[in-house]
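Here's the structure we're looking at; comments come further down.
Atoms within a ligand are numbered from 1 in the order they appear, just like the ligands themselves. As a basis for the values below, the full set of heavy atoms in this structure was taken, side chains included, without hydrogen atoms, waters or symmetry mates.
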Amino acid sequence: MKRPISKLFQSALLSAGLVAVAAVGTAMAQDPADAVKQRQSQMKEIGGAMKSIQAFVKDGKGTAAEVKTAAETVVTTGPKFEGLWPEGTAVGFGKSEAKAAIWTEMEKFAKGFQAMGQQAELLVKVADTGDRAAIGKQFGALYETCKSCHEAYHED
Ligand code: HEC
């Protein structure tokens with residue numbers, strides 16, 4: 001069964017309660033080179049957020065409140081990946097590290113962002129408890145969603 005990609009991203013969005021952000025994301029028609037640049041910079045942003053959470057979990061650096069903010073960054077950035085995967089921007093195009101499989105499995109790929117958003121939302125909630133062990137556990141669950149998508153779709 002094929003569903004339009006935008007529908008998938010939208011359902012991910014609805015679950016995150018970020019409908020307003022969705023409208024903005026969808027409205028952006030992108031030049032392919034810009035799309036690659038933007039998706040990479042967004043990945044870097046969530047990468048930075050994950051690093052700061054990891055520093056709290058592993059070394060007790062920062063606060064649970066900062067973990068919450070970082071997890072919220074992942075939640076709000078997820079839907080912004082919509083529309084940033086135009087055809088022809090797999091590995092070989094500029095500095096893209098996106099595997100060609102993305103374009104044959106777009107539905108599965110989009111679901112990866114959905115999973116990421118859901119686990120990040122859970123981390124936002126767990127951060128409120130301030131319980132470092134519980135935060136560590138949920139951080140692990142969120143990290144798994146990065147890893148499993150990267151294994152399938154990110155060329156290293
Ligand atoms: C649904 C798939 C998917 C998920 C989920 C995902 N990524 Fe990525 N990520 C990619 C792809 C594809 C690329 C390569 C993009 C490109 O080069 O065009 C990438 C690239 C990156 C990069 C390199 C950016 C650069 O060019 O310097 C970082 C860092 C990164 N991701 C971090 C994360 C983190 C952290 C998470 C989880 C919080 C995450 N990603 C979740 C697919 C995903």
Side-chain angles (χ1 to χ4, degrees), residues 2-16 18 21-22 25-26 28-59 61-62 64 66-127 134-156:
K2 265 204 160 8
R3 290 169 68 199
I5 295 152
S6 61
K7 279 261 157 45
L8 280 166
F9 276 96
Q10 232 143 48
S11 60
L13 230 49
L14 286 172
S15 82
L18 290 163
V21 180
T26 327
M28 285 187 292
Q30 290 275 346
D31 164 74
D34 284 347
V36 173
K37 229 193 254 169
Q38 197 180 327
R39 73 198 188 201
Q40 289 182 339
S41 100
Q42 287 177 189
M43 283 289 174
K44 273 187 197 138
E45 196 179 339
I46 59 175
M50 290 297 275
K51 266 197 194 128
S52 76
I53 301 169
Q54 189 181 36
F56 177 81
V57 169
K58 290 221 159 129
D59 308 319
K61 281 192 186 141
E66 282 161 0
V67 168
K68 184 177 179 179
T69 304
E72 279 167 350
T73 297
V74 179
V75 171
T76 54
T77 305
K80 294 185 195 160
F81 283 102
E82 178 179 1
L84 298 182
W85 310 92
E87 294 268 2
T89 59
V91 173
F93 176 86
K95 289 185 181 152
S96 173
E97 295 174 347
K99 285 191 183 167
I102 290 171
W103 288 271
T104 55
E105 300 168 11
M106 189 52 91
E107 182 158 354
K108 213 176 135 212
F109 179 68
K111 276 188 181 148
F113 287 116
Q114 205 169 335
M116 179 184 84
Q118 281 160 356
Q119 295 305 323
E121 279 182 65
L122 287 174
L123 184 54
V124 169
K125 288 198 185 111
V126 176
I135 289 170
K137 200 165 164 229
Q138 186 53 35
F139 170 75
L142 172 57
Y143 181 73
E144 273 307 306
T145 68
C146 314
K147 203 175 133 208
S148 75
C149 184
H150 282 194
E151 277 168 7
Y153 303 114
H154 183 200
E155 185 86 53
D156 280 312

Exercise for the section: Check step by step if side-chain contact (heavy atoms from CB on, under 4.5 Å) holds for R39 and V36. Expected result: CA-CA 5 Å; R39 73 198 188 201; V36 173; 3.6 Å; yes
Practice task
Check whether any side-chain N or O of Q119 sits under 3.5 Å from a backbone N or O of T145 as a donor-acceptor pair, and report yes or no.
Solution key: no
Completion exercise
A student checking ligand 1 against C146 at a 4.0 Å heavy-atom cut-off should list atoms 34 (C), 35 (C), 36 (C), 37 (C), 38 (C), 39 (C), 41 (C)
Problem - Interfacing atoms of ligand 1 (cut-off 4.0 Å, heavy-atom, C149) - result: 1 (C), 2 (C), 3 (C), 4 (C), 5 (C), 42 (C), 43 (C)
Exercise for the section: Report yes or no: does a heavy atom of W85 sit under 4.0 Å from some atom of ligand 1? Expected result: yes
Exercise for the section: For residues P32 and F93, report the shortest heavy-atom separation together with the two atoms involved. Expected result: CB-CZ, 3.7 Å
Exercise for the section: Before signing off on this row, confirm whether Y153 and ligand 1 have an N or O atom pair separated by under 3.5 Å. Expected result: no
Exercise for the section: Give a yes or no on this: more than 12 heavy atoms of other residues, nucleotides or ligands lie within 6.0 Å of atom NZ of K37. Expected result: no
Practice task
Check ligand 1 against S96 and write out every atom of the ligand that is under 4.0 Å from a heavy-atom position of the residue.
Solution key: 17 (O), 18 (O)
Exercise for the section: Identify, for atom 29 (C) of ligand 1, the protein heavy atom at the shortest distance, and state residue, atom and that distance. Expected result: M43 O, 3.9 Å
Practice task
Could you tell me how the ring of F109 sits relative to the ring of F113: parallel (under 30°), tilted (30 to 60°) or perpendicular (over 60°)?
Solution key: perpendicular
Practice task
Would you sort out whether I53 and L123 count as a side-chain contact (heavy atoms from CB on, under 4.5 Å), showing the intermediate values?
Solution key: CA-CA 10 Å; I53 301 169; L123 184 54; 3.9 Å; yes
Exercise for the section: Could you pull out, from Q42, H150, H154, the option with a heavy atom nearest to atom 8 (Fe) of ligand 1? Expected result: H150
Fill in the blank from the handout: Note: ligand 1 atoms sitting under 4.0 Å from heavy atoms of Q40 are 16 (C), 17 (O), 18 (O), 24 (C), 26 (O)
Problem - Any donor-acceptor pair under 3.5 Å from Q40 side chain to K95 backbone - result: yes
Handout entry: Side chain to side chain, L84 and Q42, heavy atoms closer than 4.5 Å
Key = yes
Exercise for the section: Test C146 against M50 for side-chain contact (heavy atoms from CB on, under 4.5 Å), laying out the working first. Expected result: CA-CA 10 Å; C146 314; M50 290 297 275; 4.1 Å; yes
Problem - Closest approach of any protein heavy atom to atom 25 (C) of ligand 1, naming residue and atom - result: K44 CE, 3.8 Å
Exercise for the section: Answer with side chain, backbone, both or neither: which part of E97 has a heavy atom less than 4.0 angstrom from an atom of ligand 1? Expected result: both
Handout entry: Proximity to ligand 1 by part of F81, non-hydrogen separation under 4.0 Å
Key = neither
Completion exercise
Numbered in order shown, the ligand 1 atoms found under 4.0 Å of a heavy atom of G47 are 35 (C)
Fill in the blank from the handout: Per-atom filter on ligand 1: closer than 4.0 angstrom to a heavy atom of T145 are 5 (C)
Practice task
Identify, by atom number and element, the atoms of ligand 1 in contact range of I102, meaning under 4.0 Å from any of its heavy atoms.
Solution key: 12 (C)
Practice task
Provide the number and element of each atom of ligand 1 under 4.0 Å from a heavy atom of R39.
Solution key: 16 (C), 18 (O)
Handout entry: Y143, OH atom: more than 12 neighbouring heavy atoms under 6.0 Å
Key = no
